[in-house]
Amino acid sequence: MIDLQLAIDAPYHAAEGPRNNPDAETAVAALLAAWRKTARPIFHVRHDSVLPDSAYRPGQPGNDFKPIVAPLAGEIVIPKRTNSAFIGTGLEDRLRQAGIDTLVIAGVVTNNSVEATVRMAGNLGFHTLLAEDACFTFARRDWRGVLRSAEEVHAMSLANLDGEYCTVVKSSGLLDAVAKA
């Protein structure tokens, strides 16, 4: 679970337009419930920004996890300072020591921390599944200055990842697979 903190609701994220997947947190909560029920390992990644104006900076309310997807006692929290959950965190070592070779990733922002983490996971040899409806992003301008909707940004990020770094899936498929296991 990547960066699902109150900071993501800071107005500056939506400066160019609203987010997509308004029910993403509900999808993440359903995945968490299934993982908890079946005692699968859960890793919550928390962005601890070092930027003075970031809503993600420690010591601010934005650094807290969203209540609907907050870690329970005993669940692992991995603090990070860059966009990738693997850089400077020890996450790879923890996963390898636990014998985990398949990852399911959800969180924010699709084209930033989620994409960076998924790319690294794929490059490190993890079998990675990305729950597309349990992630979201915001509208933004492309390098030519053309405003792209959040759905366009999300779709392009997924297209960049699927088949090379991960397999993009829907959370309903993951929940069905867990229920049948």
Side-chain angles (χ1 to χ4, degrees), residues 1-32 43-71 77-87 103-122 128-175:
M1 306 300 141
I2 309 291
D3 299 351
L4 288 161
Q5 296 159 255
L6 295 172
I8 198 61
D9 295 331
Y12 65 81
H13 291 293
E16 295 284 355
R19 66 180 256 192
N20 69 319
N21 281 347
D23 296 325
E25 290 91 341
T26 302
V28 173
L31 291 171
L32 281 170
F43 295 80
H44 298 267
V45 177
R46 184 187 69 228
H47 188 73
D48 289 345
S49 179
V50 296
L51 300 175
D53 294 335
S54 174
Y56 280 100
R57 202 166 29 89
Q60 299 187 97
N63 191 253
D64 294 340
F65 287 99
K66 289 186 159 222
I68 191 173
V69 294
V77 175
I78 306 285
K80 70 176 181 64
R81 291 188 172 165
T82 67
N83 54 11
S84 173
F86 287 98
I87 294 176
L103 307 179
V104 173
I105 296 181
V108 296
V109 169
T110 310
N111 56 299
N112 192 310
S113 294
V114 171
E115 187 167 341
T117 299
V118 168
R119 284 176 182 273
M120 287 197 71
T128 306
L129 303 171
L130 176 56
E132 69 89 14
D133 56 330
C135 298
F136 66 88
T137 191
F138 298 90
R140 67 176 295 158
R141 295 188 183 277
D142 68 19
W143 68 277
R144 292 181 179 153
V146 177
L147 183 60
R148 303 296 179 171
S149 71
E151 194 54 44
E152 289 175 307
V153 175
H154 184 74
M156 185 54 68
S157 190
L158 298 175
N160 290 338
L161 297 170
D162 189 44
E164 185 169 356
Y165 301 99
C166 72
T167 301
V168 175
V169 297
K170 293 208 171 280
S171 61
S172 59
L174 293 167
L175 293 171

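Heavy-atom basis, side chains included; hydrogens, waters and symmetry copies ignored.
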Can you tell me how far [atom2] of [Y] sits from [atom1] of [X], rounded to the nearest 0.5 angstrom?
| X | Y | atom1 | atom2 | value |
| --- | --- | --- | --- | --- |
| L158 | N111 | CG | CG | 10.0 Å |
| I105 | L129 | CD1 | CG | 9.0 Å |
| L130 | L174 | CG | CG | 9.5 Å |
| L31 | S171 | CG | OG | 5.0 Å |
| H47 | I8 | NE2 | CD1 | 10.0 Å |

Non-hydrogen side-chain atoms of [X] and [Y] separated by less than 4.5 Å:
| X | Y | value |
| --- | --- | --- |
| D23 | D133 | no |
| V109 | R19 | no |
| L6 | P67 | yes |
| P18 | F136 | no |

Heavy-atom donor-acceptor pair, [X] side chain to [Y] backbone, under 3.5 Å:
| X | Y | result |
| --- | --- | --- |
| Y56 | Q5 | no |
| D48 | R81 | no |
| H154 | E132 | yes |
| Q60 | S54 | yes |

Original post:
Between L4, I2, V77, which is the residue that forms a side-chain contact (heavy atoms from CB on, under 4.5 Å) with V45?
Top reply: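 So the option named by the test is I2.
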**OP:** Compare every heavy atom of C135 with every heavy atom of N21, then report the nearest pair and how far apart it is.
**Re:**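 Heavy atoms of N21 and C135 come nearest at ND2-O, 2.7 Å.
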Original post:
What residue pairs, at least two apart or across chains, pass salt bridge (charged side-chain N to carboxylate O under 4.0 Å, His left out) with a residue in residues 143-158?
Top reply: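 Of all non-adjacent pairs touching residues 143-158, those that pass salt bridge (charged side-chain N to carboxylate O under 4.0 Å, His left out) are D142-R148.
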**OP:** Show your reasoning for whether side chain to side chain contact (heavy atoms under 4.5 Å, CB included) applies to H44 and V69.
**Re:** CA-CA 9 Å; H44 298 267; V69 294; 5.9 Å; no
**OP:** Decide yes or no on side chain to side chain contact (heavy atoms under 4.5 Å, CB included) for L32 and M1, but give the supporting numbers first.
**Re:** CA-CA 9 Å; L32 281 170; M1 306 300 141; 4.0 Å; yes
**OP:** Would you please classify the geometry between the H13 ring and the F138 ring as parallel, tilted or perpendicular, with 30° and 60° separating the classes?
**Re:**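 Ring orientation of F138 relative to H13: parallel.
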Would you be so kind as to tabulate the donor-acceptor pairs closer than 3.5 Å made by side chains of residues 112-121, with sequence neighbours excluded?
from : atom 1 : to   : atom 2 : distance (Å)
S113 : OG     : D3   : OD2    : 3.1
S113 : OG     : K80  : NZ     : 3.3
S113 : OG     : N83  : O      : 3.3
E115 : OE1    : S157 : OG     : 2.4
E115 : OE2    : R119 : NE     : 3.1
E115 : OE2    : R119 : NH2    : 2.8
T117 : OG1    : A85  : N      : 3.0
T117 : OG1    : S113 : O      : 2.8
R119 : NH1    : Y165 : OH     : 3.2

Subject >> R140 atom CZ, neighbour heavy-atom count above 12 within 6.0 Å >> reply: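 No, the 6.0 Å shell around CZ holds no more than 12 heavy atoms from other groups.
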